[in-house]
Protein chains: 4
Amino acid sequence: MPHPKPTLKPRKTPVQARSASTVDAIYAASIQVLHEVGLERFTTTRAAERAGASVGTLYQYFPNKSALLAAVLERHLTTVVEAVEAALVGVRGQPVAVIANTFVNAYLDAKLRDVTASMALYAVAGEDGGAEIVGRLTQRGQLALCEVLATARDAQFDNLRMVSLVLVTALSGPLQALLASGSNLAMADSLRRHLVVMVDAYLLRFTLPAPAFKKPRKLSKP
Amino acid sequence: MPHPKPTLKPRKTPVQARSASTVDAIYAASIQVLHEVGLERFTTTRAAERAGASVGTLYQYFPNKSALLAAVLERHLTTVVEAVEAALVGVRGQPVAVIANTFVNAYLDAKLRDVTASMALYAVAGEDGGAEIVGRLTQRGQLALCEVLATARDAQFDNLRMVSLVLVTALSGPLQALLASGSNLAMADSLRRHLVVMVDAYLLRFTLPAPAFKKPRKLSKP
Amino acid sequence: MPHPKPTLKPRKTPVQARSASTVDAIYAASIQVLHEVGLERFTTTRAAERAGASVGTLYQYFPNKSALLAAVLERHLTTVVEAVEAALVGVRGQPVAVIANTFVNAYLDAKLRDVTASMALYAVAGEDGGAEIVGRLTQRGQLALCEVLATARDAQFDNLRMVSLVLVTALSGPLQALLASGSNLAMADSLRRHLVVMVDAYLLRFTLPAPAFKKPRKLSKP
Amino acid sequence: MPHPKPTLKPRKTPVQARSASTVDAIYAASIQVLHEVGLERFTTTRAAERAGASVGTLYQYFPNKSALLAAVLERHLTTVVEAVEAALVGVRGQPVAVIANTFVNAYLDAKLRDVTASMALYAVAGEDGGAEIVGRLTQRGQLALCEVLATARDAQFDNLRMVSLVLVTALSGPLQALLASGSNLAMADSLRRHLVVMVDAYLLRFTLPAPAFKKPRKLSKP
DNA sequence: CATGAATGAGTCTTCATTCAT
DNA sequence: GATGAATGAAGACTCATTCAT
């Protein structure tokens, strides 16, 4: 969407202990406020108050409302991708089924670790520079998945790019549905299993006949 | 999200020709404005002006801004579900593969028929009563899919509910990625094929041993 | 001074009777507020309230505070220059002494006609686009004086530009002093006489020996 | 203008070397900031930063923003009057023509010595306690001129008060015009000559028949 | 003495909504 | 029914000033 965007970078890097905790408090408070009153009624003053600070202090660290929301979104998504990345590095060279399972579970775990944030930030992703942030981190996740899939012991893909893009984006919808339905525990488990199946089944379809004893591709040494 | 919601129902049903066209113009204008300036800078005055009407007239048909946005979102999503429903009734009793193919294509076609609207309304879905509307129409789509799958000639599912929920929600993420990337044509085609595969593969995994007259499916091994 | 300047043009041309009076009220109110609390504590809300309108209404006619102040300043100065221009056209072809007398009196009369405005706008001239406005209207006054002096029956100048610039700007200081001192009536009269003398004496010094029967220069035909 | 005024006096007299230089730096920095961003966007923090100090330090020497600006203005104007005073004491007892010439040149020289300050402080003079300061120092200049004129070898005035007031105030307008036009050098010289002429011509008109030993002045006709 | 983070009152400005014409 | 001027509550953001370190 063709909207112009002003500065979104933090105004000052929090180096001191107090500053850091203040900033953290603002992050947390923003999510709470977002969750409680929604994006439309989210105000910088409310966020600051909830964080136990004054608006002025908030503006000491964030140049404007958009930047604050962007930062909160980015931090959340970064946490999620990092969790996924971490999980994926552990299954390099494993069979596709393992990778599929790990990926889905890591993603869901990360998202469900902070249900409030996941729900609250959904609206934020749709506005402002949200799309850009989501896009960027999605891509990062896609890359991570790409790399691991390339090392799958029992398979070879000729279109890793598209495969990983589909996978990385396909989970958000179902997750959203889960969150919207009140994060029913039973449903969560069932959904988790279904997604694993879906991902696994999908990957299998794009698997090229692999050599019986496949060597790791990326890291192989002649 | 626990936000209170005021009235969202249209103030009056447009019965006269002029009214209908005015309302239509407002719908269209709203989407344009949404697309051009984003949800944050969307104003009722702007929408009305773009529609060639006055704010007052707009308020003749919509009790408030939220209701307008809700109506626009609802109309768009309704169009999409209806297209999907229509397509699905045509494949009742067909094999799973046909249903999968039809479903994915109907959904993508419907969404890509009005890319502008699809993009513009993304943000709207995250706010206001957006979640409720999305939820309701998602459910309607799920139901439609459910019913058709139940008639699949070559399969039987024991957990149709979950299966259809996953399918109905899993496409939105990839679609969103497509829209965000500029709706590249080649990518659109590729994505479409991948999604068909994913849906088909996923469905097959949850297929129960079907009645005798079932034909072997293409990729099965004897 | 190198400051950037945003839009200063009125937002909407007041065509209706009500609008016109509202705008007039805002002009008057602005001057009052300016006079009473000074530029620093001048707020758009205060100006609107004093005008018997709401801030919103004010912003319907002026895009921002700067534009409002600029408009008020411009209107005042325009009134003054126009008065001077009008007086000067009446003395075309008259002797220098008459022109000098007319010029000084027209200027002082115009300024003293609305002492409040003259005092209130002094600060405004020093900020924002004030300099530009003052410069532009000063130049207009200079031009008017230039043209009349060129027709003086008993004189000829070789450096009209500089002469008129000096005259047009030399009066503001003494006037300011008068206003600051409470516009003492006796002082006003005395000052008026002194300024006439000063202008006359100055002009005489730059007068070239003129032909006995001087023909109008500008309008003369060979 | 009837505005109330809080304390404007410096909080403490800088006695130490460091303090003095800090204060000097603040003065200079204030003028720079004023020149660069204008009075409206002048902030104490900016001034302090530019001076290489912290806001806190600034507030150590100036009780508030107004006092700072007032001090800066006062210092500048004081420098100017002192220069004029110094020049004038050197021409006591000289002919009017010499006094006129000396006065104008001393004033212009003093003002043009620091063009930046002259321009930057123009806006300040219109606000705050600016009027009071300008008035006070104008009066001091007037007094100085008064005293010298009273000693003029070749003249006697019966209304020295008004004459000196006019002269002291009449130069500011033309000077302002010069500054606004970019301080063109050629124009500066021309203006200087014109102002000398104006002052001289004006003074001559108010000269009373002087004592016997007065020599005829150059332009007088027998 | 210096520092600069924190404060929050005060501004500007927008925009949903109403209602007289 | 249509209009769009008027309203004013609400929110983003700034900045003078303080005070703990």
Side-chain angles (χ1 to χ4, degrees), chain A residues 6 11-12 14-16 18-19 22 40-49 52-68, chain B residues 6 12 14 16 18-19 22 40-49 52-68, chain C residues 11-12 14-16 18-19 22-23 40-49 52-68, chain D residues 6 12 14 16 18-19 22 40-49 52-68:
Chain A
R11 195 169 261 177
K12 142 189 327 188
V15 274
Q16 303 173 2
R18 170 136 71 137
S19 299
T22 297
E40 293 165 305
R41 291 166 56 197
F42 173 92
T43 66
T44 51
T45 304
R46 259 198 270 260
E49 265 174 4
S54 66
V55 223
T57 299
L58 187 154
Y59 276 91
Q60 198 113 41
Y61 297 106
F62 302 92
N64 52 50
K65 189 187 173 185
S66 278
L68 168 61
Chain B
K12 75 175 59 171
Q16 303 173 359
R18 170 137 75 139
S19 300
T22 298
E40 293 165 306
R41 290 164 59 196
F42 174 92
T43 67
T44 51
T45 303
R46 255 197 271 257
E49 263 174 6
S54 66
V55 226
T57 301
L58 187 155
Y59 274 86
Q60 200 89 41
Y61 297 108
F62 301 92
N64 52 51
K65 189 190 176 190
S66 278
L68 169 61
Chain C
R11 194 169 261 178
K12 140 189 328 187
V15 274
Q16 303 173 1
R18 170 137 69 138
S19 300
T22 297
V23 169
E40 292 165 305
R41 292 167 55 198
F42 174 92
T43 64
T44 50
T45 303
R46 259 197 270 260
E49 265 173 5
S54 65
V55 225
T57 299
L58 187 154
Y59 276 88
Q60 198 112 42
Y61 298 107
F62 302 92
N64 51 51
K65 188 186 174 188
S66 278
L68 169 61
Chain D
K12 76 176 56 172
Q16 303 172 1
R18 171 136 75 134
S19 300
T22 298
E40 293 164 306
R41 292 163 57 195
F42 173 93
T43 67
T44 51
T45 302
R46 254 198 272 257
E49 263 174 7
S54 66
V55 227
T57 300
L58 187 154
Y59 274 87
Q60 199 89 40
Y61 297 107
F62 301 92
N64 51 51
K65 188 189 176 190
S66 278
L68 169 60

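Below, read A as the first sequence line, B as the second, and so on, with proteins coming before strands; counting in each chain starts at 1.
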May I have the distance from [X] (atom [atom1]) to [N] (atom [atom2]), rounded to whole angstrom?
X       : N      : atom1 : atom2 : result
A:Leu68 : F:dC13 : CG    : C1'   : 13 Å
B:Arg41 : F:dG11 : CZ    : P     : 19 Å
C:Glu40 : F:dA16 : CD    : P     : 11 Å
B:Leu58 : E:dC19 : CG    : C1'   : 16 Å
D:Phe42 : F:dT14 : CZ    : P     : 18 Å
B:Glu49 : F:dA2  : CD    : C1'   : 15 Å
B:Phe62 : E:dT18 : CZ    : P     : 16 Å

Just compare [options] and give me whichever is closest to any side-chain atom of [X].
X       : options                : answer
D:Tyr59 : F:dT17, E:dA9, E:dT11  : F:dT17
B:Ser54 : E:dA6, F:dT17, F:dT3   : F:dT3
A:Val55 : E:dT17, E:dG8, F:dT7   : E:dG8
C:Gln60 : E:dT17, E:dA5, F:dA5   : F:dA5
A:Tyr61 : E:dC12, E:dA16, E:dA5  : E:dA5
B:Lys65 : F:dA16, F:dC15, E:dT17 : E:dT17
A:Thr57 : E:dC12, F:dT17, E:dT7  : E:dT7

Looking at [X] and [Y], what are the two nearest heavy atoms and their distance?
X       : Y       : value
A:Ala47 : A:Leu58 : CB-CD1, 4.2 Å
A:Asn64 : A:Tyr59 : CA-CE2, 3.8 Å
A:Arg46 : A:Arg41 : NH2-O, 2.9 Å

| said: I want to confirm an ordering. Mapping A:Thr45 and B:Gly52 to their closest nucleotides on DNA chain F, which one lands closer to the 5' end? | reply: B:Gly52
| query | Mapping A:Thr43 and B:Gly56 onto DNA chain F by nearest heavy atom, which one lands closer to the 5' end? | reply | B:Gly56
| Does E:dT21 have a Watson-Crick or wobble mate here (both distances under 3.5 Å), and if so which one? |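 Result: F:dA2.
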| field | Who pairs with E:dC12 - Watson-Crick or G-U, where each distance is under 3.5 Å | value | F:dG11
| task | Flag the pair C:Val23 / C:Phe62 as yes when at least one side-chain heavy-atom distance between them is below 4.5 Å, and no otherwise. | result |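 Touching, per the 4.5 Å side-chain cut-off.
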Indicate whether OP1 or OP2 belonging to [N] is found under 4.0 Å from a side-chain N or O atom of [X].
X       : N      : value
C:Thr22 : F:dA6  : yes
A:Thr44 : F:dA12 : yes
A:Arg46 : F:dG11 : yes

